[in-house]
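Here is the structure we will look at, set down as structure tokens.
Chain letters run A, B, ... following the sequence lines, proteins first and then strands; every chain starts at 1.
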2 protein chains.
Amino acid sequence: MTNPLVLFLSRRDDVSAEEIAALETLTLNHQDFAAGTAMIRQGDRPQSSILVLDGLAARAHYLADGKRMISALHIPGDYVDLHSLLLDRMDHDVTALTDCRVALTAHPDIRRVTERLPHLGRLLWLSTTIDAAMHRAWIVALGRMSPLSHMAHFLCEMYIRLDIVGQAADHSYRLPITQIDLADMLGLSVVHVNRTLQDLRATGMVSWVGPTVSIKDWNGLRELGQFEDAYLNLNKRPR
Amino acid sequence: MTNPLVLFLSRRDDVSAEEIAALETLTLNHQDFAAGTAMIRQGDRPQSSILVLDGLAARAHYLADGKRMISALHIPGDYVDLHSLLLDRMDHDVTALTDCRVALTAHPDIRRVTERLPHLGRLLWLSTTIDAAMHRAWIVALGRMSPLSHMAHFLCEMYIRLDIVGQAADHSYRLPITQIDLADMLGLSVVHVNRTLQDLRATGMVSWVGPTVSIKDWNGLRELGQFEDAYLNLNKRPR
DNA sequence: CTTTTTTGTTGCCTCGGATTAACAAAAAGC
DNA sequence: GCTTTTTGTTAATCCGAGGCAACAAAAAAG
């Protein structure tokens, strides 16, 4: 299997053979997590960073009254906690939403490699930056979009992201998450997610049967969700 | 005036004299923006990054129907668009909320310096990371907190951040923003912000007269806003 | 296979927050 | 100084989304 991080980075920037080799060496140490288990817990001081190779993971924050909010959904190719290299405490859980295969890399190894290959270090920094850009898009959607538009935006974003790592085809992709998870991503109640989903299906722009999302009207959905992909930085750029 | 970025970084990590000198050289090119003017516009391809030296700035996103959402409030010491070093398009405006003095640094200069001083590069990466952590905290507040708690959280966050750069004292600080700005940060209507603010004042935990916020009951406010400062990474850590 | 648990769906009712409007207070402009 | 614009405040009304409950469907466990 091709390393999805390599796919991800090579779509965005020039990656040299040496850098690819270094990345693959860094991500040899695989580990599996069953759906529902926590890879990292709030308060941890992780000594290594986690790259998702397969499956879906979520950054989950729990409030005192038990409410849960998911601040990011991670797909193959994502470093879910690269910030742990620099921040020393996890401020949230990372949970496997489906069965996950990940690669663990010890922080000292990442430091050593990025010092030897500074451009690779900048690429990892880039991935932090894209993370922040996605967060901003979520903030805007949470604060000022209708639930219907928000959901449209989310489905657009997931399509583009999954497409980059080769997990989408023909405007369709697998998204095996529950409406409970979706509610905690959109900041809505489960019941309302269900109703909003039906409204969205009723527009005919999207079908979502079982785990499969199919976008029937990309331009319509894009407009409804006011989705601009610029923040995902899809364009290749010179180093 | 001490460079607030130096203050900011030195509170979080060891910064050598050489690094401080390099930072100060990078931030010599000052520029002023009047309140209400845009420093950067959505769609721009900036060639330099902006460090706030004095004043408050906001990252503002505008929706098609004219709605505005602010995804971050920037204070002295913040690099408001460091991501522009890596992403090539701005996905939002940066607007001066008050009169601002900023320092502009050309991207090539930042690259040159961080290649010479890799640890300084990591510190700038750290500031991206903290940015992302603040975004996550905002996402949680937007999605799952009551307006009252959200506002408490916001005021706690601002206190800690301003304190780090020496702009708070005795649980008080200047926050010369309008309720309109606040509404666009909390994702509420102006009217509701006003009511929530009155509710908050009624608890006696906070007074906000003119531009001055005074936290009368830090622990109470902290609890109400479920504010944990871990994500701001206040602890120094070894390189 | 049956049982149990989780997830999805619908209806009813409530309530928080939006909307609109009107006015007061403050700030900015002249 | 006065006027105009912006910001803050309060009230009345409305509606979207939440809460709760009941049940169906699907998945997991036995």
Ion pair check, B:Arg59 and B:Asp81, cut-off under 4.0 Å: no
Decide, yes or no, whether a salt bridge links A:Arg68 with A:Asp93 under the criterion of side-chain N to carboxylate O below 4.0 Å. no
Picking from C:dT7, C:dT9, D:dT7, the nucleotide nearest the side-chain atoms of B:Thr178 would be D:dT7
Would you mind reading off the distance between [X] atom [atom1] and [N] atom [atom2], rounded to a whole angstrom?
| X | N | atom1 | atom2 | result |
| --- | --- | --- | --- | --- |
| A:Asp199 | C:dT10 | CG | P | 11 Å |
| A:Gln179 | D:dA27 | CD | C1' | 15 Å |
| A:Leu197 | C:dT7 | CG | P | 16 Å |
| A:Ile177 | D:dA26 | CD1 | P | 19 Å |
| B:Leu186 | C:dG16 | CG | C1' | 16 Å |
| B:Leu148 | C:dG16 | CG | P | 12 Å |
| A:Leu182 | C:dT7 | CG | P | 13 Å |

Does a donor on one side chain and an acceptor on the other come within less than 3.5 Å for A:Asp163 and A:Gln167? no
Quick one about B:Thr178 and B:Asp181 (side-chain donor to acceptor, distance below 3.5 Å, no hydrogens or angles considered), yes or no? yes
Can you pull out how bent the helix from C:dC1-D:dG30 to C:dC30-D:dG1 is, comparing the axes over its first five and last five pairs, to 10°? 60°
Scan nucleotides 14-25 of chain D nucleotide by nucleotide, 5' to 3', and note B when protein non-hydrogen atoms come under 4.0 Å of the base, S if they reach only the sugar-phosphate, - if neither. ---BBBB-----
Using OP1 and OP2 only, check whether a side-chain N or O of B:Gln198 sits under 4.0 Å from D:dT10. yes
With a 4.0 Å cutoff (strictly under), does any side-chain N or O of B:Asn194 reach OP1 or OP2 of D:dT9? yes
Salt bridge (charged side-chain N to carboxylate O under 4.0 Å, His left out) partners of residues 190-208 of chain A, not counting sequence neighbours, each pair once: none
For the rings on B:His135 and A:His83, is their centre-to-centre separation under 6.0 Å? no
Between the side chain of A:Asp78 and the main-chain N/O of A:Ile75, is any donor-acceptor distance below 3.5 Å? yes
Side chain to side chain contact (heavy atoms under 4.5 Å, CB included) filter on A:Ser207, not counting sequence neighbours, yields A:Ser214, A:Lys216
Enumerate the residues from residues 200-210 of chain B whose closest heavy atom to DNA chain D is under 4.0 Å, giving them by residue number; use none for an empty result. none
For the residue pair A:Phe227 and A:His153, categorise the inter-ring angle as parallel (less than 30°), tilted (30 to 60°) or perpendicular (more than 60°). perpendicular
Classify the ring geometry of A:Trp138 against A:Phe154: parallel below 30°, tilted from 30° to 60°, perpendicular beyond 60°. perpendicular
Which pairs pass ring pair (Phe, Tyr, Trp, His ring centres under 6.0 Å) with one or both residues in residues 166-195 of chain A, sequence neighbours excluded? A:Tyr159-A:His171, A:His171-A:Trp218
